[in-house]
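Labels below follow one simple rule: chain letters A, B, ... track the order of the sequence lines, proteins then strands, and each chain is numbered from 1.
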2 protein chains.
Amino acid sequence: MLIRSLEIFRAVVDTGSFSAAAERLHTVQSNVTAHVKKLETELDARLLERRTPVVATPAGHQLLSYARRIVELHDDAVARFHPQADPAGELRLGSMETTAAVHLPGLLAGFSRRWPQLAVHLRTGTSSELLEAVRAGQLDAAFVAGEKVGDEVRLRPVFEERLVLVSGRPLKAMPDRVTLAQTPFLAFRQGCGYRHSIEKLFAEQRVPAPRIHEFGSLDAIVGCVAAGMGLALLPESTVRQYRQRFELHTLALPPAFAAVTTQLATLQRPSWSRALEVFMEGMEGMEAERPRDGAFAVA
Amino acid sequence: MLIRSLEIFRAVVDTGSFSAAAERLHTVQSNVTAHVKKLETELDARLLERRTPVVATPAGHQLLSYARRIVELHDDAVARFHPQADPAGELRLGSMETTAAVHLPGLLAGFSRRWPQLAVHLRTGTSSELLEAVRAGQLDAAFVAGEKVGDEVRLRPVFEERLVLVSGRPLKAMPDRVTLAQTPFLAFRQGCGYRHSIEKLFAEQRVPAPRIHEFGSLDAIVGCVAAGMGLALLPESTVRQYRQRFELHTLALPPAFAAVTTQLATLQRPSWSRALEVFMEGMEGMEAERPRDGAFAVA
DNA sequence: TTAAAAAATCATTTCCAGTGATAAAAGCGC
DNA sequence: GCGCTTTTATCACTGGAAATGATTTTTTAA
């Protein structure tokens with residue numbers, strides 16, 4: 001059974017005539033006859049009463065409900081891939097916790113307002129988890145930090161972050177080696193982009209055995225740091241957000257550790273869905289140097 | 001876009017491999033490649049990441065949701081026309097008021113129990129209205145009385161009715177010409193099968209100007225007859241049903257007027273839907289001579 | 001009954017789904 | 001990295017059927 005046959009069958013019922021259907025579909029009447037006949041042979045039932053106007057038989061009526069749904073679905077699918085059509089469906093995004101908390105609320109709110117037909121699915125995880133999901137086609141795009149990737153994944157810088165050392169107590173200067181060795185660090189589990197920076201920091205200070213608590217939630221990390229449980233390395237913008245809820249103290253780090261670029265990871269361009277296409281278009285204006293969350297803000 | 005292409009595409013995603021999909025669908029791998037490639041060209045998007053296992057790209061993921069729905073609908077449609085499959089969907093029946101009131105409740109209850117996937121639509125009307133609807137493919141079948149039809153409609157006798165003269169007051173014998181001329185008759189509007197019998201009765205009694213009230217509802221007719229508004233000509237079985245609610249008196253008529261056969265009208269066999277097919281099968285046992293409503297009764 | 005319109009039939013062309021063999025590419029073990 | 005295996009892409013070819021245009025048959029309306 002061909003979609004084309006169903007399309008023709010539907011047109012015959014709608015117009016009440018084989019020849020009118022042919023004209024509407026830009027083909028010839030004998031072709032319409034052939035398609036209908038083929039359907040009737042395949043299903044072993046008479047589908048149309050050849051009268052003027054042509055009407056569907058009970059069996060035809062039954063097929064018609066399927067034909068309408070299938071043809072409609074088909075047209076929808078084609079339309080959704082058409083470059084000038086408004087995208088619909090879902091946009092599956094991934095993000096690190098920190099980015100989700102700080103940058104995404106404004107961004108996604110604007111996006112969802114701009115494209116009301118799109119449902120955004122947001123999943124958080126570590127950079128390496130998210131990258132794997134992008135690679136596996138489970139996510140359309142993901143915000144990640146500092147990862148090397150194969151050439152099937154494309155990275156685009158979107159936010160420039162400055163990592164700072166965060167503590168619950170005032171920090172005058174960088175803690176010395178001994179203090180650092182005794183103070184636990186709080187971080188996301190293995191695979192988080194920032195965690196790599198912690199290890200670089202320890203190596204630099206020649207601290208041998210870093211003690212790192214692995215938490216799955218940003219709220220938990222910040223809360224525990226504020227409670228004096230230990231130190232953390234977080235983007236300055238994230239800390240700013242939590243300042244209202246917790247008493248936090250920060251210390252700037254040398255640029256070599258501090259600078260972290262959040263990048264938007266996707267597959268290569270031809271794989272993009274229309275939904276992703278418009279999302280990436282909206283992200284075009286986002287320069288790593290001049291971050292502004294209002295990419296999709298209403299003008 | 002062919003249903004076949006979507007079926008193949010779906011199989012590739014499900015199996016994670018072009019060659020496995022080919023095997024599952026009993027074709028060759030190069031054919032699978034060709035179909036996928038054709039889809040990608042048509043939609044101008046990369047749908048699959050050629051890796052092991054093969055995974056859908058965001059665009060592919062988008063198409064997949066359509067592919068699944070379309071292929072499923074297609075399989076459903078084919079299955080519904082398969083002779084050994086349980087029928088599903090709707091069965092659109094028509095019936096005269098009298099038949100609907102007396103014979104259908106038991107019949108349809110049994111039918112609906114026997115075929116739970118079928119939704120019965122019942123429409124009442126006059127015989128000629130219903131016949132026209134059957135002819136136009138709007139009804140699968142209709143219970144009608146005493147009509148001549150073209151040869152695209154097929155009639156099958158199902159109930160043998162005896163018409164009786166009904167009154168609100170005791171009837172000893174056939175009213176004389178004068179009484180008959182003065183007494184109004186209550187009947188369905190033009191097109192009712194029984195109404196034709198009334199006219200035959202008047203002609204026989206040589207009553208010139210029958211006065212006929214036209215009511216659209218059986219309840220109204222019976223109620224008004226019981227209230228003494230006039231006479232009616234109704235099937236004996238119908239009157240029996242109303243005896244509990246109204247005080248009705250009847251008079252038998254000569255067989256020439258009394259005998260009316262209720263027939264089941266359909267289009268010719270090849271037009272039948274599977275739903276109609278099983279309904280007609282169930283009606284097979286219904287002999288006009290030996291009416292029993294329990295055609296679909298549970299054994 | 002006849003003229004006009006619509007569907008069926010038929011011969012023909014064109015296109016493409018499906019096939020099998022082979023080349024290229026990707027994964028995997030060492 | 002290097003070969004070995006597995007998987008996908010490419011290609012030439014064939015059969016079948018979609019599409020076409022001309023013609024006949026049927027239906028409808030005048």
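One end of the helix from dT1(C)-dA30(D) to dC30(C)-dG1(D) points its axis 50° away from the other end's axis, with each axis taken from 5 pairs and the angle rounded to 10°.
Note on Lys38(B): every side-chain N or O is 4.0 Å or more away from OP1 and OP2 of dC16(C). Between Thr27(B) and the phosphate of dT19(C), there is a side-chain N or O to OP1/OP2 separation shorter than 4.0 Å. Taking side-chain N and O atoms only, Thr33(B) has a distance below 4.0 Å to OP1 or OP2 of dA9(D).
The base of dA6(C) lies outside donor-acceptor range of the side chain of Gln29(A), with no N or O pair under 3.5 Å.
Remark: side-chain polar atoms of Thr262(A) are not paired, donor with acceptor, to backbone N or O of Val158(A) under 3.5 angstrom. Judged by distance alone, the side chain of Ser5(A) and the main-chain N or O of Met1(A) form no donor-acceptor pair under 3.5 Å. Of the possible donor and acceptor atoms, none in the side chain of Trp272(A) sits under 3.5 Å from a partner among the backbone N and O of Thr57(B). Counting only distance, with no hydrogens or angles, the side chain of Thr33(A) and the backbone of Gln29(A) share a donor-acceptor pair below 3.5 Å. A donor-acceptor pair is defined here as one N or O able to donate and one able to accept, closer than 3.5 Å; such a pair exists between the side chain of Arg274(B) and the backbone of His82(B). With Glu40(B) contributing its side chain and Leu47(B) its backbone, the two residues share a donor-acceptor pair below 3.5 Å. Checked by atom type and distance alone, the side chain of Arg92(B) pairs as donor or acceptor with a backbone atom of Gly137(B) at under 3.5 Å.
For the residue pair Ala265(A) and Val153(A), the shortest heavy atom distance occurs at CB-CG1, 4.0 Å.
When Ser128(A), Ser127(A), Ser95(A) are each tested for a side chain to side chain contact (heavy atoms under 4.5 Å, CB included) with Val144(A), only one passes: Ser127(A).
In this structure, Glu7(B) atom CD and dG18(C) atom C1' are separated by 14 Å, rounded to whole Å. Distance, Ile8(B) CD1 to dA9(D) P: 13 Å, rounded to whole Å. The CG atom of Leu6(A) sits 12 Å away from the P atom of dA18(D) (whole-angstrom rounding). Distance, Glu49(B) CD to dG27(C) C1': 16 Å, rounded to whole Å. Atom NZ in Lys37(A) sits roughly 10 Å away from atom C1' in dA7(C) (whole-Å rounding). Protein atom CD of Glu23(B) is 14 Å distant from nucleotide atom P of dG20(C), rounded to whole Å. One atom, CZ of Arg46(A), and another, C1' of dA8(C), lie 12 Å apart when rounded to the nearest Å. For the pair Leu47(A) CG and dA7(C) P, the interatomic distance rounds to 15 Å; values are reported in whole Å.
Closest to the side chain of Asn31(A), from the set dG20(C), dA7(C), dA18(D), is dA18(D). When distances run from any side-chain atom of His35(A) to the nucleotides dA7(C), dA9(D), dA18(D), the shortest one goes to dA18(D). Nearest to the side chain of Arg4(A), among dA7(C), dG18(C), dA19(D), sits dA19(D). Checking dT8(D), dT20(D), dT10(D) against the side-chain heavy atoms of Arg50(B) singles out dT8(D) as nearest.
Place Leu2(A) and Ser30(A) on DNA chain D by their nearest nucleotides, and Leu2(A) ends up nearer the 5' end.
Within 4.0 Å of Val32(A), counting heavy atoms only, lies no atom of the nucleic acid at all.
Of the residues in residues 13-22 of chain A, those placing a heavy atom less than 4.0 Å from an atom of DNA chain C are Ser17(A), Phe18(A), Ser19(A), in numerical order.
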Practice item. Carefully, step by step, assess Phe111(A) and Leu118(A) under the rule side chain to side chain contact (heavy atoms under 4.5 Å, CB included). Key: CA-CA 9 Å; Phe111(A) 180 74; Leu118(A) 276 176; 3.6 Å; yes

